[in-house]
Amino acid sequence: MKYMMLMQFSAAQADFPSIDTWSAEEVAAHLDFMRRTNEELVKSGEFVDGQGLAMPDQAKIVRAGDGGRPVVSDGPFPETKEFLAGWWIVDCETPERVVELAAAVSAAPGPGGRPLNMPIEVRAVMAAPTEEL
């Protein structure tokens with residue numbers, strides 16, 4: 001079964017500063033943890049895909065306008081307190097295994113090497129409908 005693990009940052013719920021305030025060494029340790037995590041998932045055959053995302057100030061909001069033409073605005077907006085930091089798609093044998101993986105990535109190191117314990121949302125990836133439908 002495929003699952004998506006979504007790493008979210010919430011300024012309101014985090015007891016650590018955002019990554020753009022960390023030292024270069026702290027950022028490097030965090031990224032090395034993520035790289036090693038991905039390598040372990042590849043070795044176990046559970047890795048499907050995963051990416052970190054740019055900071056929200058680089059995001060664009062796109063809507064269809066008249067005639068389907070794109071209408072683009074900057075966003076999210078300054079009042080945004082939560083954002084998606086990255087994601088993985090994994091293929092696990094059991095729901096318990098994806099929960100185990102989510103807990104492991106939640107403990108990624110942050111300032112001073114302390115585990116961040118970030119919330120990781122776990123969602124099953126929907127399968128295609130059966131031919132009967």
Side-chain angles (χ1 to χ4, degrees):
M1 178 95 182
K2 288 186 180 137
Y3 296 90
M4 183 173 245
M5 300 188 308
L6 303 154
M7 178 179 274
Q8 301 179 7
F9 175 79
S10 169
Q13 296 177 356
D15 60 355
F16 56 87
S18 64
I19 197 167
D20 58 341
T21 65
W22 300 2
S23 72
E25 294 80 17
E26 291 167 337
V27 171
H30 182 79
L31 295 176
D32 188 53
F33 173 90
M34 294 300 177
R35 181 189 53 74
R36 285 191 325 270
T37 296
N38 291 346
E39 288 173 355
E40 291 169 12
L41 290 170
V42 168
K43 283 182 192 173
S44 71
E46 295 168 308
F47 185 84
V48 176
D49 196 6
Q51 301 292 324
L53 299 174
M55 297 300 283
D57 63 349
Q58 297 179 38
K60 302 286 182 212
I61 303 296
V62 180
R63 291 185 172 90
D66 290 338
R69 299 187 87 139
V71 176
V72 181
S73 61
D74 291 335
F77 303 98
E79 63 271 10
T80 300
K81 293 178 178 41
E82 296 180 356
F83 63 87
L84 183 60
W87 52 270
W88 292 263
I89 296 178
V90 293
D91 194 350
C92 297
E93 292 290 324
T94 66
E96 294 80 16
R97 175 63 178 153
V98 73
V99 167
E100 180 182 309
L101 293 174
V105 298
S106 171
R114 290 181 306 280
L116 295 175
N117 298 323
M118 290 182 69
I120 306 297
E121 181 180 347
V122 174
R123 298 181 63 183
V125 175
M126 293 178 60
T130 62
E131 288 187 28
E132 290 115 25
L133 294 178

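Between Ala104 and Phe33, the closest heavy-atom pair is O-CZ, 3.4 Å. Residues His30 and Ala108 come closest through the heavy atom pair CE1-CB, 3.5 Å. Listed here is the closest heavy atom pair of Gln8 and Met118: O-CE, 3.0 Å. Taking both residues in full, the closest heavy atoms of Ala124 and Met1 are given as CB-CE, 3.5 Å, listed atom of the first, atom of the second, then distance.
Sorted by first and then second residue, the salt bridge (Lys or Arg N to Asp or Glu O under 4.0 Å) pairs involving residues 107-119 (not counting sequence neighbours) form an empty list.
A donor-acceptor contact shorter than 3.5 Å links the side chain of Trp22 to the backbone of Pro17.
Ion pairing between Glu39 and Arg35 holds under the 4.0 Å rule for side-chain N and carboxylate O.
The CD1 atom of Ile19 lies 8.0 Å from the CG atom of Leu116; values are rounded to the nearest 0.5 Å. To the nearest 0.5 Å, atoms CD1 (Ile120) and CE (Met5) are separated by 7.0 Å. We find the CD-OG1 distance between Glu40 and Thr37 to be 6.0 Å, quoted to the nearest 0.5 Å. How far CG of Asp49 is from CG of Asp91: 12.5 Å, rounded to the nearest 0.5 Å.
The hydrophobic clustering, which links ILVMFWY residues whose side-chain heavy atoms are closer than 4.5 Å, places Leu53 and Ile89 together. Phe83 and Leu31 fall within the same hydrophobic cluster, where Ile, Leu, Val, Met, Phe, Trp and Tyr residues are linked whenever their side-chain heavy atoms come under 4.5 Å apart, directly or through other members. Leu6 and Met34 fall into different hydrophobic clusters, where Ile, Leu, Val, Met, Phe, Trp and Tyr are joined by side-chain heavy atoms under 4.5 Å apart, directly or via other members. If you chain together hydrophobic residues whose side chains sit under 4.5 Å apart, Tyr3 and Phe47 fall into the same group. Hydrophobic clustering, with ILVMFWY side chains joined whenever heavy atoms are under 4.5 angstrom apart, groups Leu84 together with Met4.
By the 4.5 Å side-chain criterion applied to Ile, Leu, Val, Met, Phe, Trp and Tyr, Val72 is assigned to a cluster that also includes Val62.
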Ignoring hydrogens and angles, write down the donor-acceptor pairs under 3.5 Å from the side chains of residues 95-102, residues two or more places apart or on other chains.
unit_1	atom_1	unit_2	atom_2	d
Arg97	NE	Glu46	OE1	3.4
Arg97	NE	Glu46	OE2	2.8
Arg97	NH1	Glu100	OE2	2.4
Arg97	NH2	Glu46	OE1	2.9

- Check against side chain to side chain contact (heavy atoms under 4.5 Å, CB included), Trp87 and Arg123: CA-CA 11 Å; Trp87 52 270; Arg123 298 181 63 183; over 6 Å; no
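Under a cut-off of 6.0 angstrom, the local environment of CZ in Arg69 is sparse, with at most 12 non-hydrogen atoms contributed by other residues, nucleotides or ligands.
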